Amino acid sequence: MPKGIVGAGPAGLLLARLLYLEGIDSVVIETQSRAHIEQRVRAGVLEQGTVNLLNDAGVGERMRRQGLVHEGIELRFNGAGHRIDFRELTGRAITVYAQHEVIKDLVHARLADGGPLLFEVEDVAIEGFEGDAPRIRFRHGGEACEIACDYIAGCDGFHGICRPSVPVGALRFYDKTFPFGWLGILAEAKPASDELIYVNHDRGFALLSMRSPGISRLYLQCRPDESLAEWPNDRIWAELQRRFEMGGFRLNEGPIFQKGVTPMRAFVTEPMQYGGLFLAGDAAHIVPPTGAKGLNLAAADVRVLAHALSCRYRTGSHERLRRYSEICLRRVWRVQHFSWWMTSILHRFEYGSEFDHRRQLAELDQVTSSRAAAEMLAENYTGLPFDLPGEEP
Ligand code: APR
Ligand code: PHB
């Protein structure tokens, strides 16, 4: 029987590919169209381990050609920039390559593998996963469909149906909302720096990232319910220029072709499994975007799940599947801590006092002057190794 995979985000598509390579069949269903998922704007930083995983899965060819390898980041505060040298501190680097490009590569591979990958499905429901007859029901092309599968992977993101299908009380949720969001833009403008710049400014956080040598990705801290109507392009550029101000530094400006507000939240489901249902990626957890861990965490989950399923079929042992959640949650909480910490040192908190701001600056001073502190940041940013105890094959 196939594995049923609900959702064709990075988690669902990468899981399907990893299972295919192990000779395990799966069916992937997705509510959106192919065009929609291949254009959806998300973050764009891949940890070294994620890059290796995509390469090993045979979907890294375009990423190797187009991805931008970054060996450090800049932290900017008090009007001065400080570089954190990842290569020197950890021997590792990150790759800047947009999530929707990863999606395109995975969709391409999935279709070349012969699918099935069904888009624009409707009325998805999962049943029977508490016992031994899991089923997925949905409508596709106007027809009612039902797939019997031995396991279901809930890879349908934070707003999906898998997590809410688990009986009330069987899962515990931990969540935190932050009193701010990020206003993000994509602009046709040469990035003003070769590396990402994270800014702690009196007026709030700002971030310079990029998608290619000609496209800048810029963010600024805003209210969580900020209305884009209040942000004409010239106001966005003026605010960004103020927050990045340092000596003669200027952001390059250019036509803005995408704008959006991302709320900031953190969320964890425990456990990440129930009977024959396994939750992975955003369906199980959300991290605030500071540090760009969302996709990387989704990739780490499905690596564990693919391995556990492969053990189950190769050896007949359910042990790895039984421990799926326990294995994943260790990394999930480590990454939650890191994303929360990056968020906490860089943002202006609504109820924060001048005392808190001074304390943040002292922490940034430590991170940029103590090797031990810089190493902690670099190790987490470039990604915890995939061989955390319990995770190794
Ligand atoms: N049935 C099928 N598919 C669904 C359903 C449903 N009922 N509900 C949602 N989906 C689809 C969504 O349209 C989306 O394509 O599930 C997919 C989930 O993908 P993501 O939200 O990208 O989540 P995930 O694969 O876990 O990837 C995590 O994505 O949200 C970002 O920042 C996050 O980078 C992280 C990464
Ligand atoms: C991005 O490029 O979109 C990005 C980069 C770094 C982050 C978050 C988002 O921390």
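Model, not experiment: these values are computed from the prediction. Both ligands and their constituent atoms are indexed starting at 1 by order of listing.
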Out of H36, H159, E30, the nearest non-hydrogen contact to atom 12 (C) of ligand 1 is supplied by E30
shortest atom 9 (C) of ligand 1-to-protein heavy-atom contact is with D156 O, 3.2 Å
Note: ligand 1 atoms sitting under 4.0 Å from heavy atoms of R40 are 12 (C), 13 (O), 14 (C), 15 (O)
Return yes when atom CG of D194 has more than 12 non-hydrogen atoms of other residues, nucleotides or ligands closer than 6.0 Å, and no otherwise.
no
Margin query: Please tell me whether H201 and F244 form a close aromatic pair, meaning their ring centres lie under 6.0 Å apart.
Written below: no
At under 4.0 Å between heavy atoms, what of T31 touches ligand 1? The answer is both
Per-atom filter on ligand 1: closer than 4.0 angstrom to a heavy atom of G160 are 8 (N)
For G294, the ligand 1 atoms with a heavy-atom partner under 4.0 Å come out as 34 (O), 35 (C)
Between the side chains of D25 and K3, is the shortest nitrogen-to-carboxylate-oxygen separation below 4.0 Å, so that they form an ion pair? no
Judged by heavy atoms only, the candidate from G157, P10, G281 nearest atom 27 (O) of ligand 1 is P10
Closest to atom 19 (O) of ligand 1 among protein heavy atoms sits G9 CA, 3.3 Å
Under 4.0 Å from one or more heavy atoms of I29, ligand 1 contributes atoms 2 (C), 3 (N)
**Prompt:** Does a salt bridge link R243 with E239, judged by any charged N lying under 4.0 Å from a carboxylate O?
**Reply:** yes
Legend entry - Short side-chain to backbone donor-acceptor contact, D356 and S353, under 3.5 Å: yes
The protein heavy atom nearest to atom 34 (O) of ligand 1 is Q99 OE1, 2.6 Å
Q.
Please report whether the ring centroid of F129 lies less than 6.0 Å from that of Y151.
A. no
Here the atoms of ligand 1 under 4.0 Å from any heavy atom belonging to I37 are 15 (O)
re atom 28 (C) of ligand 1, the protein heavy-atom contact at minimum distance is D282 OD1, 3.4 Å
Sorted by chain and number, sequence neighbours left out, ring pair (Phe, Tyr, Trp, His ring centres under 6.0 Å) with Y313 holds for none
Any heavy atom of C155 under 4.0 Å from ligand 1? The part involved is backbone
The atoms of ligand 1 lying under 4.0 Å from a heavy atom of Q32, numbered in the order shown, are 13 (O)
Would you find a donor on one side and an acceptor on the other, under 3.5 Å apart, between the side chain of R135 and the backbone of E127? no
Do R62 and Y97 have side-chain atoms, one donor and one acceptor, less than 3.5 Å apart?
yes
Rounding to 0.5 Å, atoms NE2 (H285) and CG (L297) come to a distance of 4.0 Å
The closest protein heavy-atom partner of atom 20 (P) of ligand 1 is R42 NH1, 3.6 Å
Considering only distance and modelled atom types, tabulate donor-acceptor pairs under 3.5 Å from the side chains of residues 39-48, sequence neighbours left out.
from : atom 1 : to   : atom 2 : distance (Å)
E47  : OE2    : K293 : NZ     : 2.7
Q48  : OE1    : A93  : N      : 3.1

L295 heavy atoms within 4.0 Å reach ligand 1 at atoms 34 (O), 35 (C)
of all protein heavy atoms, closest to atom 7 (N) of ligand 1 is I161 CG1, 3.4 Å
Rounded to the nearest 0.5 Å, the OH atom of Y381 sits from the CZ atom of F86 at a distance of 5.5 Å
In this structure, CH2 of W182 is separated from CE of M264 (nearest 0.5 Å) by 5.5 Å
Residues with a heavy atom under 4.0 Å from ligand 2, by chain and number, are A43, G44, V45, W182, L196, Y198, L207, S209, R211, R217, Y219, P289, T290, G291, A292
Atom 25 (O) of ligand 1: closest protein heavy atom, distance to 0.1 Å, is A11 N, 2.9 Å
By side-chain contact (heavy atoms from CB on, under 4.5 Å), E122 pairs with (sequence neighbours left out) R139
Rounded to the nearest 0.5 angstrom, the CD1-CD1 distance for I136 and I152 is 4.5 Å
